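Following: one structure in C-alpha cells, then a few remarks.
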Amino acid sequence: YSIEESHNMQAHTALGAGYELPWKGLKIGATALLTYFKLNTDLRLNAGFDVLESFSTPENSEYDAMVHLEMTDSFTAAGIFSLALEPLSGWLMSLTYQMGYGVEASGTIDAVLGDTLSELAEVEGNEGSLKINIPWVARFANQYRAENFNIELAIQYEGWSVNDKALVSPKDIAITSNLVDDIALTDIELKYKMRDTYGIGLGGDWQVADAFTLRAGTFYERAAVGDKRLSPSVLDLNKAGFTVGGRYDISASTWLDFATGYAHMLEREVTDSNVKLVNPFDGTEQWPIANGTYRNWHIAFMAALGMRFGG
C-alpha cells in the first residue's frame, strides 16, 4: 500500500501581444509564459521489503517510511499562440496552442521511519530533485453570434502521453543500520503512463429579456489515465457534465453573473492494476496496490457582481 497527501502550487506570469490584420478580422496573438512550480507532498511507503524480510512482513505499518517532499522550480518558460478569424459575419473561428514544458524541481526529501524500523535503522541526507512533464494543449472553437443569442462548439486535444512518469532522484540519501550494509536510495520512477486525451463542449447564451441573459452548456472529456494505471493519487475518469447560468443587468453599469455546474466521472472497476508499490530502497516494483472501484462527481456554484465606471 501507499498513502499520499499532496499540496501543490503553480503561479504563472504572462506577457502577451496581438495584431489584427485587415482581412476577415484575422487576429494573431502570442504569449510568453513563465511558471513557478512548488510541490509539497507527504508519502507513506511500506519499507518491509526483501532487505529486511527477516524482521518484517509485507505491509506491516511499523516498517513504514514517512517521506515529506518539498520541491521548487522557480523558472520554467513556455508559450501560447493563437489565431482568430471571422470568415462570415457573425461566424468566429479561433485556434490556440499552449506549449508543453518540463518541470525540474529541487529541494528536500525528509524521511521518518516507522516505530519498529526506526529502532533498526536511520536516514542520512535529505536533498533531492523531481522531474515531470506538463502536456501541450490545442483548442479549436466555432462561434455563431446572432442578435439575441450565440452558440459555440469547442474541441480540445491534450498531449498527456508526455507525462509517462515522474522521476524522484535522492541525492546522497542512505539508510544506515548495524544489521545490514548501508543502503543508498536510488532514483524512484512514479510511472503514470498517461495517454493523450480530447474533449468536446457545446454551449451558448440567449437574451430572453432586456435585462436577463440565459446561459447553458455541456461537455464530454476522455480520461488521460487508462484502467490499469488508475490509482487514488492519479484519478482521472471519462467525464461528462453540464452548466446553467445567467446574467442579470441591475442597471446600465452594474450586473450579476451566476452559474452552477455538474461534472460526473463515469465509474470504472479495476481488477488487474499495473500500479505497484515501489521499493524506496532500490526503486523496484512490488505488488499491485490500486485495484478497486473508482467514481467521482463535482458540483460547482459561482456568483459575481460586476460594475463599470467611467464612460
Side-chain angles (χ1 to χ4, degrees), residues 2 4-16 30-43 45 67-82 95-109 127-140 155-171 173 185-199 221-239 265 273-278 280 283-285 289-290 294:
S2 65
E4 178 176 351
E5 180 179 350
S6 189
H7 304 273
N8 306 321
M9 181 181 72
Q10 291 186 40
H12 302 278
T13 303
L15 177 64
T31 300
L33 188 67
L34 299 179
T35 299
Y36 171 88
F37 178 88
K38 187 173 182 62
L39 172 81
N40 191 318
T41 296
D42 290 299
L43 298 174
L45 303 173
V67 182
H68 177 75
L69 295 89
E70 193 160 334
M71 304 280 185
T72 302
D73 184 350
S74 300
F75 180 88
T76 299
I80 303 172
F81 306 94
S82 60
L95 175 68
T96 65
Y97 175 77
Q98 180 174 320
M99 298 170 58
Y101 56 90
V103 173
E104 297 187 10
S106 59
T108 58
I109 304 175
E127 294 184 15
S129 62
L130 169 72
K131 292 183 180 180
I132 193 170
N133 293 316
I134 306 299
W136 55 267
V137 180
R139 296 182 175 93
F140 175 74
I155 300 171
Q156 68 181 41
Y157 195 92
E158 303 180 11
W160 279 101
S161 60
V162 302
N163 195 3
D164 184 58
K165 62 185 178 183
L167 181 64
V168 180
S169 300
K171 180 181 179 183
I173 300 179
L185 298 191
T186 60
D187 290 353
I188 298 175
E189 291 185 354
L190 304 177
K191 295 181 179 179
Y192 297 143
K193 300 290 185 181
M194 289 189 171
R195 62 187 183 184
D196 291 352
T197 184
Y198 57 84
E221 184 178 293
R222 181 196 190 211
V225 184
D227 286 358
K228 293 185 177 182
R229 303 306 308 184
L230 265 176
S231 73
S233 62
V234 187
L235 177 60
D236 190 27
L237 307 173
N238 294 337
K239 58 190 76 69
M265 291 189 173
S273 175
N274 283 340
V275 179
K276 298 181 179 180
L277 185 63
V278 177
T284 59
E285 294 183 336
I289 58 172
Y294 294 84

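Since we're looking at a predicted model, the values are computed, not measured. One-based numbering along the sequence shown. Because only heavy atoms are used, hydrogens play no part in the values below, and waters and symmetry mates are left out as well, while side chains stay in.
Ile132 CD1 to Met71 CE: the interatomic distance, rounded to the nearest 0.5 Å, is 11.5 Å. One finds the CD atom of Gln98 at 10.5 Å from the CZ atom of Phe81 (value rounded to the nearest 0.5 Å). Interatomic distance, Ser6 OG to Asn40 CG, rounded to the nearest 0.5 Å: 7.5 Å. Atoms NZ and CG, from Lys171 and Leu185 in turn, are 15.0 Å apart once rounded to the nearest 0.5 Å. To the nearest 0.5 Å, atom CG of residue Asn163 and atom NZ of residue Lys193 are 11.5 Å apart. With values rounded to the nearest 0.5 angstrom, Asp227 atom CG is found 8.5 Å from Leu237 atom CG.
Between Val275 and Ile289 there is a side-chain heavy-atom pair separated by less than 4.5 Å. The closest side-chain heavy-atom distance from Leu34 to Phe75 is below 4.5 Å. Looking at heavy atoms from C-beta onward, Arg222 lies in side-chain contact with Arg195 at the 4.5 angstrom threshold. When side chains are defined from C-beta on, Ile109 counts as touching Ile173, because their heavy atoms get closer than 4.5 Å. Val137 places a side-chain heavy atom less than 4.5 Å from the side chain of Arg139. Side-chain contact between Glu221 and Thr197 is present, with heavy atoms from C-beta onward closer than 4.5 Å. Looking at heavy atoms from C-beta onward, Leu130 lies out of side-chain contact with Val103 at the 4.5 angstrom threshold. Within the 4.5 Å cutoff, side-chain heavy atoms of Leu230 are placed close to those of Leu235.
Electrostatic pairing of Asp164 and Lys191 does not count as a salt bridge here, judged by no charged N lying under 4.0 Å from a carboxylate O.
Contact record, Val67 with Leu69: CG1-CD1, 3.8 Å, taken as the closest heavy-atom pair. Residue Ser231 comes nearest to Tyr294 through the heavy atom pair CA-OH, 3.5 Å, listed as atom of the first residue, atom of the second, then distance. Between Glu189 and Leu167, the closest heavy-atom pair is CG-CD1, 3.8 Å. Of all the heavy atoms in Tyr192 and Ala166, the pair that sits closest is CE1-CB, 3.7 Å. Of all heavy-atom pairs spanning Ala77 and Tyr101, the tightest one is O-CB, 4.0 Å. For the residue pair Thr186 and Pro170, the shortest heavy atom distance occurs at O-CD, 3.4 Å.
Judged purely by atom type and a 3.5 angstrom limit, Thr72 has no side-chain atom pairing as donor or acceptor with the backbone of Ser74. Within the 3.5 Å criterion, the main-chain N or O of Glu104 finds a donor-acceptor partner in the side chain of Asp73. With Asn238 contributing its side chain and Ala223 its backbone, the two residues share a donor-acceptor pair below 3.5 Å. Listed for the Asp236 side chain is a donor-acceptor partner under 3.5 Å among the backbone atoms of Ala224.
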Please evaluate residues Met99 and Leu33 with respect to the criterion side chain to side chain contact (heavy atoms under 4.5 Å, CB included), reporting the C-alpha separation (whole Å), side-chain torsions for both, the decisive distance (0.1 Å), and the verdict.
CA-CA 9 Å; Met99 298 170 58; Leu33 188 67; over 6 Å; no
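Crowding of Lys131 atom NZ: a count of heavy atoms from other residues, nucleotides or ligands under 6.0 Å not exceeding 12. By the neighbour-count criterion of 12 heavy atoms within 6.0 Å, atom NZ of Lys239 is densely surrounded, having more than that number from other residues, nucleotides or ligands.
Taking the side chain to side chain donor-acceptor pair (under 3.5 Å) definition, one finds that Ser161 meets it with Asp196, sequence neighbours left out. Evaluation of the ring pair (Phe, Tyr, Trp, His ring centres under 6.0 Å) rule for Tyr157 yields Trp136 as partners, not counting sequence neighbours.
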